[in-house]
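One structure is given here, and the rest of the page talks about it.
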Protein chains: 2
Amino acid sequence: MNSKEKLQAAATKLFMEKGYENTTVQEIASLVGVTERTFFRQFKDKSDVLFDTSNEMGHRVAAFITDHFDVEQKPLKLAVDGFASVFGVFDGERERVLARNQIIQSHSDLQERELLKSQALIGSVTNALSVKFDSELSELAARFAVEIFYMAFTKWIESTEKSFVEQVLAVYEVYEKLCQY
Amino acid sequence: MNSKEKLQAAATKLFMEKGYENTTVQEIASLVGVTERTFFRQFKDKSDVLFDTSNEMGHRVAAFITDHFDVEQKPLKLAVDGFASVFGVFDGERERVLARNQIIQSHSDLQERELLKSQALIGSVTNALSVKFDSELSELAARFAVEIFYMAFTKWIESTEKSFVEQVLAVYEVYEKLCQY
DNA sequence: TAAAGTAATGTCAGTGACTGACATTTGAGA
DNA sequence: TCTCAAATGTCAGTCACTGACATTACTTTA
């Protein structure tokens with residue numbers, strides 16, 4: 001566990017215990033045994049410690065799409081399946097995801113940050129879809145897929161009735177209903 | 001023109017001239033002839049000076065929806081028409097909108113802030129649609145409408161070919177194409 | 001193994017965003 | 001003109017964040 005990971009763990013712990021605002025970077029660093037300066041070498045700002053900037057999930061969804069062009073012809077369904085597949089792991093780490101979500105909902109800076117990540121997600125998905133579909137159609141499908149994902153995520157957070165995959169598919173069915181108007 | 005409006009004007013001016021990062025709140029306040037403290041009484045933070053927190057546009061779109069339930073039965077089309085109608089004014093103030101957009105694109109804090117506003121927009125539109133439609137369908141339609149709006153906005157920024165309303169309708173047609181898969 | 005190089009971390013001083021507490025001014029109405 | 005309230009000023013302080021430079025620790029190579 002390098003200092004970056006240690007800082008992430010310490011930050012999450014402190015944010016949960018005393019809240020995001022009431023935790024100083026100083027405290028996070030001290031808990032790990034490094035200085036504030038080291039924190040800011042690892043993360044661009046305080047909120048950064050909670051976010052994976054690599055867009056790894058975006059790449060995974062994109063990879064799924066690339067791999068399944070032949071099994072699913074509908075662009076949006078393909079992207080949505082990608083989200084379902086990649087984020088299906090959420091069910092296995094519900095605790096952690098819930099804790100992280102609670103921190104993020106507690107402070108608008110963090111919510112904003114989370115939303116910026118969705119832009120990267122849209123970009124990755126758009127690129128992946130563009131290989132087989134018109135670029136405008138790809139972008140729209142990517143945007144919609146991300147919205148379906150978020151809506152499903154919210155519902156998944158609020159209730160334990162369905163698995164993540166089921167929630168995603170349930171929201172996709174709402175989309176199909178919407179199309180029928 | 002009260003000090004709030006003066007500060008907004010001064011801030012926009014300075015942000016354009018020297019960039020967002022290179023402009024201090026001190027400078028903005030001085031330009032207007034007030035102190036930094038007054039700035040922070042009007043705006044919750046530096047970026048706030050660029051954003052209308054009232055969600056006025058959200059309310060207007062909601063009002064449009066409420067007024068047009070009988071002329072347009074499709075929930076998404078109704079919401080999209082609302083955006084087209086309310087934001088049609090952009091054509092008349094292209095300069096200003098472009099300038100503001102340029103500032104926002106220059107700094108990720110501002111982009112994040114802009115994205116948070118879209119959540120308020122989604123909320124207003126969802127509420128308005130919920131009067132006649134199922135709540136899940138309403139939320140999804142609201143989310144999609146906002147995405148269509150943003151995509152249209154981006155295209156409108158990048159080219160002068162079409163009016164804002166035309167761009168919105170063009171993206172809506174992409175949606176119809178998407179539904180046909 | 002010793003020297004040399006490189007990456008991670010520490011130190012420190014400084015800037016700028018933002019807040020709380022309290023004082024002062026200003027403007028509208030009695 | 002007096003009075004009250006709202007807006008603004010003053011000031012001291014905290015905390016996020018950065019640049020410059022020093023130090024430590026770990027790797028490579030002769």
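Just so it is clear, the values below take in all heavy atoms, side chains as well, and ignore hydrogens, waters and symmetry mates. Predicted model only: the values in this text are computed from it and were never measured.
Of the residues listed (A:Y150, A:F153, A:F149), the one engaging A:F87 in a ring pair (Phe, Tyr, Trp, His ring centres under 6.0 Å) is A:F149, and it is the only one.
With side-chain heavy atoms closer than 4.5 Å counting as contact, directly or through intermediates, the hydrophobic cluster containing A:L169 also holds A:V165.
Cation-pi geometry between B:K77 and A:Y181 is not met: the NZ or CZ atom fails to fall both under 6.0 Å from the ring centre and inside 45° of the normal. Judged by a 6.0 Å distance limit and a 45° cone about the ring axis, B:K46 is positioned over the six-membered ring of B:Y20. Taking the ring centre of A:F164 as origin, the terminal cationic atom of A:R94 falls outside the region bounded by 6.0 Å and 45° from the ring axis.
Taking atom CD of A:Q42 as the reference point, atom P of C:dA8 lies 8 Å away to the nearest angstrom. Rounded to whole angstrom, the span from the CG atom of B:N2 across to the P atom of C:dA28 amounts to 14 Å. Atom-to-atom, CG of B:D109 to P of D:dA16 comes out at 15 Å; the value is rounded to the nearest Å. Residue B:K4 contributes atom NZ, which lies 11 Å from atom P of D:dA7 at whole-angstrom precision. A:K6 has its NZ atom 12 Å from the C1' atom of C:dT9, to the nearest Å. Counting to the nearest Å, the P atom of D:dA16 and the CG atom of A:L50 are 14 Å from each other. Rounded to whole Å, atom C1' of D:dT14 lies 12 Å from atom NZ of A:K46.
When the side-chain nitrogen and oxygen atoms of B:T38 are compared with OP1 and OP2 of D:dT8, none of them lie within a distance under 4.0 Å.
Remark: the B:T38 side chain and the B:Q42 side chain contain no N/O donor-acceptor pair separated by less than 3.5 Å. There is no side-chain donor-acceptor pair under 3.5 Å between A:T12 and A:Q8.
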Just the table, please: protein N/O against nucleotides 19-22 of chain C N/O, every pair under 3.5 Å.
unit_1: C:dG20; atom_1: N7; unit_2: B:R37; atom_2: NH2; d: 2.9
unit_1: C:dG20; atom_1: O6; unit_2: B:R37; atom_2: NE; d: 2.7

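Distance alone, capped at 3.5 Å, is enough to place a donor-acceptor pair between the A:S130 side chain and the A:T126 backbone.
Remark: B:K117 NZ is packed, more than 12 non-hydrogen atoms of other residues, nucleotides or ligands lying under 6.0 Å away.
A heavy atom closer than 4.0 Å to some atom of DNA chain D occurs in A:T23, A:T24, A:V25, these being the qualifying members of residues 7-31 of chain A.
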